[in-house]
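Here is how names work: the chains are called A, B, and so on, in the same order as the sequence lines, proteins then strands, and each is numbered from 1.
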Amino acid sequence: MRRVAIIGVGQTKFRTRRDDATHEELTFEGVSRTLEDAGLSISQIDSFIYGTMDPFDGVNSPDKWCVGGAGAVGKPFIKISTGGTTGLTAGIAAYHQVASGAFDISMAVCTQRVGVGDDAQSILNTCVCPIYERDAGAGAISIGAHQASRHMFKYGSTDYQRALISVDAHKNALNNPNAHIQVDVNPEDVLNSRMIEWPLRLLECCPRSDGACAVIFASEEAAKKLCPHPAWVWGEASILDSYWWGERPDLADWDVLSLAGRRLFKMAGISNPLKEIDVAELYAPFTSQILLELEALGFCGHGEAGPLIEKGVFKMDGEMAVTPSGGVLCTNPIGATGLVRLTEAVLQVTGKAGQHQVPGAEVALAHAWGGTMQLHALMIVGKHKR
Amino acid sequence: MAEKKEEFIKVKANWNIPFTHSAGKCASHFFQEMREKKRILGIRCPKCQRVMLPPRSFCERCFVATTDWVPVKDEGVVESVSINYMEYTGMPKPPYAIAFIRLDGSDSNLMHFVGGVDLSDWKKAKDLVKIGTRVKAVWKEEREGRMTDIMYFKPVSAK
Amino acid sequence: MERIGIVGVGMTPISSGKKEVFYDASFEAARRALADARLDRGDLDQVVAAGYDLACGRTITNMYTTPAAGGYLKDETRISDDGMFALAQAWMRMGAGFATTMCLAYGVSSEAPMPLVSNLMFEPLFHRPFGMHSGNTAALQASVYCAESRTKPEDAALVVVKNLRQGSKNPRSRRVKPVTAKQVEKSPMAAWPLRELDLPNYSDGTVGLILAPEHEAKRISPCPVWIEGIGWSIDSYYLGERNLAELKSLSEAARRAYLMAGIKDPAREIQVFEVAEQSSYYEIMAYEALGLISPGGGAKLIRSGATEISGRIPVNPSGGAMASDPVAATGLFRVAEAVLQLQGRAGKVQVKGAQCALASVSSGPAGQASCVVILRRD
Ligand SMILES: [Zn+2]
């Protein structure tokens with residue numbers, strides 16, 4: 001297995017709708033930005049991974065349409081679709097293409113237009129089993145709401161703590177030019193916003209975003225020639241739980257994420273995540289999920305995330321910065337979101353995050369979850385080789 | 001001369017694909033029992049002995065086929081809950097509460113509505129359908145063999 | 001990179017569907033594959049699944065099938081395309097360190113109208129309004145190819161006769177009856193020049209393959225089948241910008257696979273071809289794309305009988321997609337059939353003494369994307 005570097009990242013500005021471009025053109029825009037960042041031409045890319053969640057764009061397998069936009073005509077091209085994890089599993093797939101020795105340079109490309117669907121929630125409801133569960137009208141928000149209600153019940157986390165999570169995310173997004181929602185909010189704004197699905201309020205839920213993102217992976221040899229300061233992949237992991245939410249031992253504890261986290265940290269040689277990791281780009285379309293993810297990944301003990309958030313431990317200038325980009329709460333192009341997490345992690349460890357740079361960041365974690373809180377994907381990148 | 005504002009045309013489209021989903025052998029039996037006998041059946045894994053709801057033809061943990069049907073009560077406890085206040089295309093009219101319910105005799109939680117109480121104000125509703133509430137199925141008179149043969153689960157304490 | 005061997009094959013019967021759920025079928029195929037390899041779920045390091053969401057009417061279908069394939073709490077990924085592309089990604093994941101792998105594809109065609117599902121593969125702006133779907137796109141391609149190569153409907157009918165005859169003998173295929181050339185030429189016109197019988201037989205079916213790195217494969221199976229070469233490629237989406245008379249992505253995929261496997265003369269070095277044919281004409285075009293004969297000569301090959309099971313380069317002894325087309329699994333079924341051939345387990349459709357086999361698939365309009373794999377036994 002070969003060591004792998006990330007030598008280029010890029011993303012479009014995310015918006016509710018991009019009426020000035022088609023899906024294919026949006027792909028082209030994302031890929032162009034990444035090529036520009038890497039200083040490469042499209043002919044230097046050996047292989048492509050394309051990630052998207054089909055139903056949102058109203059096209060069955062939009063990858064077939066967007067081959068030209070990705071610059072992949074005549075090249076090896078594989079389509080990944082794994083739910084909310086899609087972006088990151090696409091990145092992991094491109095990583096495996098290089099790590100295996102099959103290709104020297106592989107690009108993961110993700111485009112998603114959530115804004116095209118007149119109602120994203122009705123599309124998300126099609127994730128739910130039509131035989132047993134779809135009639136109950138559950139969608140993605142239900143997941144965050146159930147986790148929130150259960151976490152409050154079991155650990156006593158509060159509406160106020162979740163409001164602080166929203167406030168921090170929105171403040172960070174103001175410094176990220178690509179973030180979708182850029183408004184300054186205070187805890188009262190969050191607590192007074194409209195009840196969507198109890199206990200979650202409007203400002204605790206992500207927007208639906210249009211945009212594209214691409215990341216270039218390269219072998220150590222290729223990276224040496226092409227990129228003076230790449231990010232290095234330290235480890236990755238994906239995991240699958242049961243589809244059935246009713247089988248989770250407790251919705252307050254994301255135990256399957258703990259399991260994946262332990263595998264990841266073993267591969268990356270991390271023993272104390274809070275000390276050794278500088279930035280965590282967590283996938284949390286709902287405030288409640290930051291609590292569960294911090295606890296599951298061992299950044300703190302169960303039930304401790306809420307109080308630590310009140311203390312500011314996970315702010316930009318805290319012990320470990322959580323989603324300095326503003327995260328999924330401010331930008332969610334679903335099938336591309338996981339790759340945006342990775343892109344942001346890479347920007348941090350290569351010192352290219354600009355206004356939202358965490359000073360001295362050297363190790364960053366990217367995370368995504370998908371399905372019925374069923375799938376997780378993780379990757380750790382570092383400034384130095386491991 | 002003022003420049004003409006660029007116009008971006010939008011094309012309306014929607015996916016209207018009819019689907020006929022096979023329920024399969026296992027769910028078919030489960031639904032028939034609901035339709036004909038107002039009875040909820042779990043299925044037991046012969047290896048780990050879990051009683052699974054909704055029933056499936058195999059246990060993914062032990063990777064063996066499941067065979068033994070086990071009647072469970074149409075009554076149980078709310079394990080987690082959310083209450084919906086937004087309306088979405090093709091989805092139930094709000095307000096509605098979705099809960100995971102541990103029916104007596106089952107080892108997993110079944111998704112269903114909790115109803116029969118006033119959900120219009122979340123400040124009151126969250127105490128009526130909270131975690132730990134005991135609920136009982138309210139069956140439809142006309143049943144067709146699907147999950148919605150139970151209208152909702154109603155808190156036992158509610159009149 | 002260590003060689004990767006196929007050490008277990010599991011297939012569900014291929015059917016017209018409507019009775020079982022696709023995740024139960026996944027469980028069945030996975031169990032059969034594990035039993036074939038004499039392994040159990042605990043031995044699996046990862047699951048790589050393939051399938052289309054829209055055909056199943058559910059978003060993220062791997063949520064259901066991957067646990068059924070043995071993936072509970074395991075590392076996994078899912079390819080939203082035919083199972084052969086999942087085989088390619090599984091092969092690379094194993095090159096990056098994963099050990100015993102379940103590669104599984106679920107083909108579901110019975111729950112929704114497939115022409116409509118394939119119509120939605122076209123974007124809504126330029127192509128979709130014209131009622132394009134996989135059948136009439138294949139027809140468009142056939143008409144261009146015929147004009148260029150002077151291939152006749154009689155030639156295409158020979159492919160149908162050959163594949164349905166083989167399909168009728170193969171118990172693993174969907175139950176089909178053999179047909180005569182006359183019957184093909186009299187079957188209803190679907191989209192000129194394609195008649196109903198020129199098109200694949202939409203089916204349901206699931207297939208699982210167990211893969212292992214060489215050092216393990218030799219201990220697991222008495223006769224592992226090695227992935228010696230694999231290649232895949234994609235062509236432009238815009239049909240108007242492609243030369244429809246050639247299967248460009250298929251020839252590019254084959255070029256890559258041959259290079260890796262060190263194949264110089266495929267017609268001599270490979271004894272069995274399992275080609276997922278998108279139409280009868282497609283199979284004739286594939287002869288050319290795979291380098292079995294020079295461009296324009298495909299019809300000569302079918303007329304000569306060379307691609308019959310008794311011929312010198314048997315193509316689709318299993319019956320191919322004409323007999324059964326569980327969309328999204330069709331390609332991986334071709335791989336499974338090729339493995340059985342190399343292991344001498346193909347039964348009534350066995351090609352004698354095969355040492356090297358090729359399996360291929362195309363997906364997308366008019367063979368836009370393709371994958372080719374070269375398999376060998378020791
Ligand atoms: Zn069990």
Side-chain angles (χ1 to χ4, degrees), chain B residues 6-32 34 41-50 52-69 88-91 100 107-111 145-148, chain C residues 15-31 33-35 39-44 47 53-59 61 63-74 102 108-126 128-129 204:
Chain B
E6 246 184 306
E7 182 196 2
F8 299 113
I9 290 178
K10 298 171 195 164
V11 174
K12 270 286 190 189
N14 66 62
W15 287 14
N16 190 6
I17 312 173
F19 285 97
T20 306
H21 295 307
S22 308
K25 212 170 164 179
C26 180
S28 294
H29 179 67
F30 172 75
F31 287 145
Q32 280 164 29
M34 284 179 62
L41 294 182
I43 202 159
R44 194 193 304 276
C45 168
K47 218 163 161 188
C48 68
Q49 304 293 320
R50 291 185 308 140
M52 290 157 35
L53 258 188
R56 278 144 283 154
S57 64
F58 60 91
C59 171
E60 63 201 10
R61 299 186 192 178
C62 307
F63 221 61
V64 293
T66 50
T67 43
D68 302 338
W69 290 98
Y88 304 111
T89 312
M91 310 276 270
F100 274 100
D107 293 308
S108 49
N109 304 332
L110 187 70
M111 179 193 280
R146 57 186 293 178
M147 286 306 287
T148 44
Chain C
S15 72
S16 59
K18 298 201 169 71
K19 286 197 190 83
E20 58 189 5
V21 209
F22 65 101
Y23 36 87
D24 284 356
S26 297
F27 177 61
E28 189 55 38
R31 272 213 304 185
L34 285 167
L39 296 177
D40 67 36
R41 194 186 86 84
D43 294 311
L44 296 178
V47 174
D53 288 353
L54 196 61
C56 303
R58 296 155 175 88
T59 300
T61 29
M63 293 198 302
Y64 308 90
T65 52
T66 302
Y72 179 64
L73 301 186
K74 299 208 182 266
M102 170 76 72
V108 181
S109 313
S110 67
E111 295 205 341
M114 292 306 285
L116 180 52
V117 169
S118 70
N119 173 252
L120 293 169
M121 190 178 274
F122 293 91
E123 34 58 47
L125 310 173
F126 310 119
R128 195 187 294 170
D204 285 12

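Neither the backbone nor the side chain of C:A25 comes within less than 4.5 Å of any heavy atom of chain B. Interface remark: B:A27 contributes no atoms to any contact with chain C (heavy atom separation under 4.5 Å). Heavy-atom distances place both the backbone and the side chain of C:L54 under 4.5 Å from chain B. Heavy atoms closer than 4.5 Å to chain B are found in the backbone of C:E20, but not in its side chain.
Between chain B and the residues C:G17, C:A30, C:C56, the most heavy-atom pairs under 4.5 angstrom are made by C:C56. For the set C:P124, C:G42, C:G70, the entry with the most heavy-atom pairs within less than 4.5 Å of chain B is C:G70.
You'll find the side chain of C:S110 stays beyond 4.5 Å of the side chain of C:F22, heavy atoms only. At least one side-chain heavy atom of B:R50 sits less than 4.5 Å from a side-chain heavy atom of B:C59. When side chains are defined from C-beta on, C:D204 counts as touching C:S109, because their heavy atoms get closer than 4.5 Å.
Ring pair C:Y64/C:Y23 is parallel by interplanar angle, where below 30° counts as parallel and above 60° as perpendicular.
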*In sequence, state the C-alpha distance, the side-chain angles, and the governing distance for C:R58 and B:F19, and then conclude on side chain to side chain contact (heavy atoms under 4.5 Å, CB included).*
CA-CA 10 Å; C:R58 296 155 175 88; B:F19 285 97; over 6 Å; no
